[in-house]
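Here's the structure we're looking at; comments come further down.
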Amino acid sequence: MNLTTTEELVKTFNENSKKLSPAQSDVRKDAISAFQKQGFPGRKHEEWKYTNLAPVLGRDYLIEDTTTLNKKDIDGLLLSSMEANHLVFVNGNYNKELSSVNAEEPIVISDLSQAGDINEYLTASSITLNDSLTELNTALANGVVITVKKGKVVNKPIIIHFVGDGRKGNIFANTRNIFILEENAQATFIENYSTIGSNAHFSNNITQIVVKKDAFATYYKIQNDAQSDHVGTTQVYQPEKSNFAATTITLDGGIIRNNLNIRLSSEYSEASMVGLYMVKGNTHIDNHTLVDHAKANCYSNELYKGLLDDKSTGVFNGKIYVRQDAQKTNAFQSNKNILLSKDATMNTKPQLEIFADDVKCSHGATTGMMDEEPLFYLRSRGISEKKAKALLMHAFAADILEYIKLEPLKELLDQTILDRLS
Amino acid sequence: MSENIKILEEITSSEYKYGFETKIEADSAPKGLNEDIVKFISAKKNEPQWLLEWRLKAYRHWLTLTEPHWQNVNYPAINYQDIIYYSAPKPKVKLNSLDEIDPELKATFDKLGISLDEQKRLSGVAVDAVMDSVSVATTYKGKLAEQGIIFCSLSEAVQEHPELIKKYLGSVVPMTDNYFAALNSAVFSDGSFVYIPKGVRCPMELSTYFRINAANTGQFERTLIVAEDSSYVSYLEGCTAPMRDENQLHAAVVELIAMDNAEIKYSTVQNWYPGDKDGKGGIYNFVTKRGICSGVNSKISWTQVETGSSITWKYPSVILKGDNSIGEFYSVAVTNNMQQADTGTKMIHIGKNTKSRIVSKGISAGKSQNSYRGLVEVMKRAENARNFSQCDSLLMGDKCGAHTFPYIEVKNNTATVEHEATTSKIGEDQIFYCNQRGIGTEAAVALIVNGYCKEVLNQLPMEFAVEAQKLLAISLEGSVG
């Protein structure tokens with residue numbers, strides 16, 4: 001299937017729509033017609049000014065429901081040996097056979113297409129900055145709803161493996177997952193992307209995280225797969241006083257666009273967003289974040305750091321909205337980039353929109369090359385240039401890894417980065 | 001706090017000082033825009049054929065464009081057929097001395113504090129006064145001419161120095177650049193032209209004063225400044241308009257060209273009528289300003305104090321083409337009541353070792369919206385480019401907004417680009433500190449705001465700095481929320 005025309009996608013939708021629960025069919029039909037009207041976003045779209053999807057859309061894709069992958073194929077993937085609840089999605093669809101969830105964990109997993117009462121999370125307005133890709137996801141995606149019961153703590157992290165079975169051809173996968181943390185619940189989610197086979201894996205995903213009163217959600221998005229092209233939106237709702245922390249780590253990939261939208265709609269909520277992108281080759285990494293401070297006394301903190309080598313391109317767009325009611329808001333944002341090669345490019349747009357006066361908001365952005373002075377310091381002590389550079393890059397990345405509270409994940413990422421630098 | 005609010009109300013309801021209208025017979029074109037109007041303006045100015053062709057080309061291009069709406073401001077649609085595109089104070093014959101100027105006109109400029117009377121001027125500022133887009137008088141012309149400096153109205157320059165105009169007009173802001181630049185290119189009525197020859201340091205500040213007088217007119221002036229090798233010029237512009245209930249459009253174009261080792265300093269104190277406190281009336285200030293550092297070691301510096309206009313929408317930019325060239329942008333933008341501002345700069349680094357510095361201070365009060373939008377672009381061959389940007393916003397009151405949209409595009413790894421922004425309000429502790437020492441709240445706010453803007457105000461030539469400080473005080477005193 002070629003994605004440059006919308007017709008085939010609409011045909012796919014019409015075939016799939018028979019399987020939908022009647023409760024969802026209207027909202028999904030609205031979505032496909034919205035997508036049909038808009039088409040894929042081009043460079044003229046302000047939010048897509050720096051990211052060109054054309055090379056991804058130009059390929060032929062398969063949308064596959066079934067798979068012949070077995071457990072052995074999955075075992076070799078990153079994070080699969082970690083002690084955790086593993087949920088495996090193959091070509092966008094949840095695969096129960098390949099997944100392993102500890103029965104004692106206080107979670108309920110249900111199929112998205114059969115869940116009836118979740119329409120409020122499927123409407124266009126449920127995504128803060130919705131575009132034609134989120135509409136397409138609403139129309140086509142399968143996925144799960146994971147509910148963490150009131151007052152319960154999920155002991156082991158929940159790892160979502162997005163696996164593309166690219167042995168027969170390029171895969172286009174749409175997944176939509178909804179995580180609901182009820183009052184006082186706690187859970188950690190990790191999303192990881194990988195591809196089996198030699199073809200490309202283009203995923204268009206939405207993850208919605210509802211963090212209810214006094215709940216605490218930790219969310220990691222790990223991208224270290226050269227064959228993955230990705231457009232994804234993580235939409236977080238904090239309807240009442242709650243806490244949310246996101247960490248996005250991108251070490252490899254094709255064309256990647258991560259949207260992270262957080263709605264702080266009650267007083268005294270906290271959100272933290274950190275990110276590290278360390279890319280080379282032709283990787284294009286685009287991080288768009290948006291924090292919407294709707295109510296007073298909330299706190300948000302954001303730090304994204306990037307190391308760009310070879311011909312890689314980085315994009316950072318961080319929006320902070322502070323609404324009129326959001327007095328006493330503290331919102332901080334920082335984006336730091338190092339260009340390691342002549343051909344690397346970085347486009348940064350930190351953006352503040354503030355409608356309340358009693359606030360403390362700041363943002364900063366820097367782009368430059370590696371600092372000469374520390375390099376000289378290390379060189380003068382007999383450390384080779386290559387090693388000195390590796391040390392400094394590792395230290396630069398460590399700032400972000402520090403935020404990772406999950407020790408095994410931190411070690412694994414640290415090791416991956418060290419291997420890369422040596 | 002209620003005391004503060006009272007002061008705020010008093011201040012915001014205070015009248016716009018320059019809102020009078022002068023009864024001068026004006027020579028106007030009929031309302032509306034078509035090729036005949038463009039030809040009419042060109043004929044009025046007795047322009048050569050090539051310029052008429054240029055205008056018509058711009059007009060035809062303008063017809064193909066649609067008005068842009070990406071900016072962060074809201075206004076009702078402009079009816080371009082409801083505007084008078086040419087209005088000039090009726091001149092009798094060619095003026096030989098200032099004594100021949102219409103006394104009414106002279107009185108107007110006296111009222112504005114712009115004395116055209118050379119004898120009375122001790123400060124040594126050469127003034128070109130532009131009313132309803134037509135230059136009415138230029139002072140000190142003779143003295144400047146001794147050094148080879150050309151400072152005159154653009155229409156005069158078209159007659160007397162056509163080779164320079166032909167060479168440079170539209171070379172920085174092409175007529176196809178954007179919607180309003182195309183419109184201006186088609187209908188511009190006058191403006192100022194400055195030419196500084198090689199190695200000359202302009203001995204005095206050059207200044208243009210813009211005044212919109214007639215109703216329903218748009219002001220479309222063009223300023224063109226060319227600084228030859230190793231020359232220096234400092235140029236000031238000031239603007240006012242009468243109070244009217246309808247909105248008036250001001251779409252100007254400013255082009256600066258700095259050759260090798262040349263320096264241009266361009267300062268603006270913009271105080272167009274901002275509309276009343278409900279947002280009725282006021283000027284739409286949609287201006288394209290751009291300079292090019294085309295030579296090595298050249299420097300262009302923009303300083304602006306924006307207090308007027310119901311909508312300000314402009315981005316004075318610098319193209320840093322020559323190696324080692326420097327671009328600077330210092331801005332204070334104040335919005336009060338229903339005013340909207342979307343302003344900032346573009347620094348395009350093309351040459352090696354180019355440097356740029358951006359300092360933007362936004363102050364919003366009342367129900368106003370104030371945006372900074374800027375682009376710093378480092379091109380591939382701009383080795384060792386350096387940029388520092390700082391944009392701070394100060395909010396007064398809980399109904400206003402402050403927004404920042406910086407775009408930073410870096411394509412060269414030897415570049416160092418820094419951007420920082422903060423948003424805050426005047427602290428109660430700061431006010432308290434002043435009160436405690438016997439400084440009234442009103443004076444304290446002025447003091448704090450002036451301190452906040454100091455970095456920018458310091459860049460203004462002495463005379464303007466004083467005026468700008470007073471303007472800030474008028475626009476803001478007591479606005480603490």
Side-chain angles (χ1 to χ4, degrees), chain A residues 44-46 49-50 296 307-311 313-327 329-372, chain B residues 70 72 362-365 367-381 383-428 479-481:
Chain A
K44 287 250 159 135
H45 193 300
E46 176 67 17
K49 187 173 154 75
Y50 298 118
L307 283 160
L308 299 141
D309 205 349
D310 300 338
K311 287 184 175 164
T313 326
V315 180
F316 174 79
N317 176 278
K319 294 189 188 70
I320 300 177
Y321 292 147
V322 180
R323 309 270 173 199
Q324 208 168 326
D325 290 340
Q327 298 292 358
T329 289
N330 284 330
F332 307 104
Q333 182 190 82
S334 178
N335 174 231
K336 296 179 176 164
N337 304 292
I338 294 182
L339 300 181
L340 297 166
S341 99
K342 278 252 161 288
D343 300 314
T345 302
M346 183 67 211
N347 298 311
T348 301
K349 189 184 168 200
Q351 186 176 333
L352 295 176
E353 295 205 40
I354 295 167
F355 296 90
D357 63 334
D358 190 6
V359 299
K360 272 191 204 134
C361 295
S362 67
H363 68 196
T366 57
T367 303
M369 62 194 300
M370 202 172 266
D371 203 344
E372 293 286 340
Chain B
W70 46 263
N72 195 24
I363 301 167
S364 4
K367 290 179 186 159
S368 66
Q369 299 297 332
N370 199 332
S371 307
Y372 167 83
R373 189 186 301 273
L375 167 71
V376 175
E377 185 174 4
V378 179
M379 305 283 224
K380 196 129 196 112
R381 60 165 286 255
E383 296 286 323
N384 299 317
R386 183 77 177 89
N387 160 268
F388 173 76
S389 315
Q390 184 185 346
C391 31
D392 297 331
S393 310
L394 196 64
L395 288 148
M396 299 188 178
D398 52 8
K399 290 186 182 65
C400 51
H403 317 285
T404 325
F405 306 88
Y407 294 72
I408 304 159
E409 302 176 7
V410 184
K411 296 186 181 68
N412 184 306
N413 71 325
T414 57
T416 307
V417 180
E418 290 172 274
H419 172 93
E420 59 181 35
T422 61
T423 301
S424 54
K425 68 169 198 166
I426 294 181
E428 278 162 35
S479 309
V480 67

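Reminder, nothing fancy here: chain letters follow the sequence lines and each chain counts from 1. Just so it is clear, the values below take in all heavy atoms, side chains as well, and ignore hydrogens, waters and symmetry mates.
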Query - Interface residues of residues 313-324 of chain A facing chain B - heavy atom cut-off under 4.5 Å - result: A/Gln324
Report task. Return the set of residues passing side-chain hydrogen bond (donor to acceptor under 3.5 Å, both in side chains) with B/Thr422 (not counting sequence neighbours), or none when no residue passes. Result -> B/Asp392
Requested in this report: Please look at A/Gln333 and chain B and tell me whether the side chain, the backbone, both or neither of the residue comes under 4.5 angstrom of a heavy atom of that chain.
Outcome: neither
Report task. Please flag which part of B/Gln390 lies under 4.5 Å from any non-hydrogen atom of chain A: side chain, backbone, both or neither. Result -> neither
Return a table of donor-acceptor pairs under 3.5 angstrom between the side chains of residues 359-366 of chain A and protein atoms on other chains or two or more places apart.
from, atom 1, to, atom 2, distance (Å)
A/His363, NE2, B/His419, NE2, 3.0

Query raised in the report: Does a side-chain heavy-atom distance below 4.5 Å link B/Glu377 with B/Tyr407?
Result: no
Report task. Select, from B/Gly401, B/Ala402, B/Ser371, the one with the greatest count of heavy-atom pairs under 4.5 Å involving chain A. Result -> B/Ala402
Requested in this report: Please flag which part of B/Lys399 lies under 4.5 Å from any non-hydrogen atom of chain A: side chain, backbone, both or neither.
Outcome: both
Report summary line: If one checks every heavy atom of B/Ala415 against chain A at 4.5 Å, the contacting part turns out to be backbone
Query raised in the report: Is any side-chain heavy atom of B/Pro406 less than 4.5 Å from a side-chain heavy atom of A/Pro350?
Result: yes
**Report entry** Side-chain donor-acceptor pair present, A/Tyr50, B/Glu409, cut-off under 3.5 Å
**Finding:** yes
Report task. For the pair B/Val378 and B/Lys411, evaluate side chain to side chain contact (heavy atoms under 4.5 Å, CB included) and give the outcome as yes or no after the intermediate values. Result -> CA-CA 6 Å; B/Val378 179; B/Lys411 296 186 181 68; 5.9 Å; no
Report task. Kindly indicate, with the supporting measurements, whether the criterion side chain to side chain contact (heavy atoms under 4.5 Å, CB included) is fulfilled by B/Trp70 and B/Arg373. Result -> CA-CA 12 Å; B/Trp70 46 263; B/Arg373 189 186 301 273; 3.6 Å; yes
Requested in this report: Would you mind telling me which of B/Leu395, B/Asn412, B/Thr416, B/Ile408 has the largest number of heavy-atom pairs within less than 4.5 Å of chain A?
Outcome: B/Ile408
Query - pair A/Asp358-B/Asp398: side-chain heavy atoms closer than 4.5 Å - result: no
Report task. May I ask you to say whether A/Lys336 pairs ionically with B/Glu418, meaning some side-chain N is under 4.0 Å from a carboxylate O? Result -> no
Query raised in the report: Heavy atoms, side chains only, cut-off 4.5 Å: are B/His403 and A/Ile354 in contact?
Result: no
Query raised in the report: chain B heavy atoms under 4.5 Å from A/Lys49: which part of the residue, side chain, backbone, both or neither?
Result: side chain
**Report entry** chain B-proximal positions within residues 340-348 of chain A [heavy-atom distance under 4.5 Å]
**Finding:** A/Leu340, A/Ser341, A/Lys342, A/Asp343, A/Ala344, A/Thr345, A/Met346, A/Asn347, A/Thr348
Query raised in the report: How many angstroms lie between atom OG1 of B/Thr414 and atom CE of A/Met369, to the nearest 0.5 angstrom?
Result: 6.5 Å
Query raised in the report: Within the side chain of A/Asp357, is there an N or O that forms a donor-acceptor pair under 3.5 Å with the backbone of B/Lys425?
Result: no
Query raised in the report: Do the non-hydrogen side-chain atoms of B/Leu394 and B/Met396 ever get within less than 4.5 Å of each other?
Result: yes
